[in-house]
Protein chains: 2
Amino acid sequence: MARTTGSRAAITGPLVRRAALQLFARHGYAAVSMRQIAAAVGVQAGALYAYTPDKQALLAGLLVEHMEDLLSAWGDGPDAPPMDRLEAFVRFHIAYSLDHADSVFLSYMELRNLNPENHAAIAALRGRYEDALTAILREGAAAGVMRLADARLTTMALIAMLTGVTNWFREGGRLDRQAVADHYWGLVRGAVGAG
Amino acid sequence: MARTTGSRAAITGPLVRRAALQLFARHGYAAVSMRQIAAAVGVQAGALYAYTPDKQALLAGLLVEHMEDLLSAWGDGPDAPPMDRLEAFVRFHIAYSLDHADSVFLSYMELRNLNPENHAAIAALRGRYEDALTAILREGAAAGVMRLADARLTTMALIAMLTGVTNWFREGGRLDRQAVADHYWGLVRGAVGAG
DNA sequence: GTCTATAACGCGATAGAC
DNA sequence: GTCTATCGCGTTATAGAC
């Protein structure tokens, strides 16, 4: 068994990523310096380069990690009726977005700071997530329980609507999470012609 | 009549703002240097300070200008029936967002780079725009032609959905602007219970 | 694995000539 | 109004000690 006493790599690594995520989301990738990240973790700037080859790889790693976590968290039940699956998707997407607001915001805002390869990788992962909703919508339309003019457009529209909850929702505000999710589900149900 | 021959202030000023808007939208405020903006305009960096006291005032000016233009472009017809006004809002918002994609993106992404006073000014202008939609929804609900659980939540949800069109719409793609607007209007109609 | 020190460069902003 | 030149500082990234 390897001796790790005295080494803090196992905890410093995640700390670096957590600090970078928070700072990037709050101030923007370009506005955050490696020194700020290091200070948040409690190490010197040079030490960060033991955990990432450079600043952009740090960002790309955060976004890949986020998309993979999102995809694995969405556990669809492919045998359930389409309306049940749609409701589950709506409630899942809202809850996940609110629980991971920093990651969600970052993965919408900082795509432009990725090089082409990293950008393509993230876009592909996002496409798989969108496909999950599109599949539900197509099944619902085929089963006659939803009325859709265009499944792909509806996918993009609904995801934008649901993700937008992060722009205004505040814990302890007029509506709690349950009420917000209920209201969004009502809007979605109407939008897919199942009001 | 003042002599202006030899002075290019009248054209350089707008050029500076146009270049800054494009670069800020493309790369992010923090990632763009005054030297880059100057190069895009064709002057030296120092010359920019004849048009703005500093970099942040340049950003704030762009955002105020955008919100004021948006508000004045939305010419509501308060006497029309609520469903007609809602349809007009949907089509206006989509068209305006696609026509001013850089400004729209910037005013969502770079609020955090404003100081508190500038931030409050922009938020107030945005609130007035949101109020316009909320008013339409409340009238529709009162008239019994819309069914809404919560007018303010619906406002935020619909604006996020409509603005999201800028994330995926591409000129010359599968759907043209007219088709996109028609489909979004169908979604909105269903969402407000008037499907 | 983390430190100090530093290389190499770009930044926002200003001063003063024209 | 625009230029050149410059100040003072911050940046990413690396080198080498421990």
Side-chain angles (χ1 to χ4, degrees), chain A residues 1-24 26-63 106 110 112-115 117-118, chain B residues 1-24 26-63 106 110 112-115 117-118:
Chain A
M1 191 187 243
R3 220 192 125 80
T4 56
T5 307
S7 164
R8 278 180 295 196
I11 56 174
T12 303
L15 280 180
V16 168
R17 302 218 296 231
R18 193 183 316 166
L21 171 61
Q22 202 171 98
L23 288 167
F24 288 163
R26 188 120 57 209
H27 307 291
Y29 169 78
V32 174
S33 71
M34 295 297 269
R35 281 176 175 80
Q36 283 176 271
I37 298 168
V41 176
V43 300
Q44 296 299 313
L48 297 180
Y49 291 86
Y51 303 98
T52 179
D54 56 31
K55 191 183 171 189
Q56 207 216 124
L58 184 55
L59 172 64
L62 289 172
L63 298 193
L106 205 63
E110 301 293 0
R112 61 191 174 188
N113 283 308
L114 296 176
N115 63 34
E117 301 90 62
N118 287 335
Chain B
M1 186 151 90
R3 218 193 128 79
T4 56
T5 306
S7 163
R8 279 180 294 194
I11 57 174
T12 303
L15 280 180
V16 168
R17 301 218 298 232
R18 193 184 316 166
L21 171 62
Q22 200 170 100
L23 288 167
F24 287 163
R26 187 121 57 208
H27 306 291
Y29 169 78
V32 174
S33 71
M34 295 297 271
R35 284 171 174 80
Q36 281 176 271
I37 298 168
V41 176
V43 299
Q44 294 300 314
L48 297 180
Y49 291 86
Y51 302 97
T52 179
D54 56 32
K55 191 183 171 188
Q56 208 217 131
L58 184 55
L59 172 64
L62 290 171
L63 299 193
L106 204 64
E110 302 292 0
R112 60 190 175 188
N113 283 307
L114 296 175
N115 63 35
E117 302 89 63
N118 287 334

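Note that these values count all heavy atoms, side chains included, but never hydrogens, waters or copies made by symmetry. So you know, we letter chains A, B, ... as the sequences are listed, proteins then strands, and number each from 1.
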_Of all pairs that satisfy side-chain hydrogen bond (donor to acceptor under 3.5 Å, both in side chains), the ones with a partner from residues 52-62 of chain A, not counting sequence neighbours_ = A/Q56-A/N118
*For A/R26, what residues pass the side chain to side chain contact (heavy atoms under 4.5 Å, CB included) criterion, not counting sequence neighbours?*
A/Q22
_How many whole angstroms separate atom CD of B/Q44 from atom C1' of D/dT6?_
14 Å
*B/I37 has an atom CD1; how far is it from atom P of C/dG10, in whole Å?*
17 Å
*Would you indicate, yes or no, if D/dT2 has its OP1 or OP2 atom less than 4.0 angstrom from a side-chain nitrogen or oxygen of B/T12?*
yes
*With sequence neighbours excluded, residues passing side chain to side chain contact (heavy atoms under 4.5 Å, CB included) with A/A50*: none
*Spell out protein contact along nucleotides 12-18 of chain D as letters: B when the base is contacted, S when just the sugar-phosphate is, - when no protein heavy atom is under 4.0 Å; keep the 5' to 3' order.*
BBB----
*side chain to side chain contact (heavy atoms under 4.5 Å, CB included) with B/A39: which residues, sequence neighbours excluded?*
none
_Contacts of B/R18 that satisfy salt bridge (Lys or Arg N to Asp or Glu O under 4.0 Å) - sequence neighbours left out_ = none
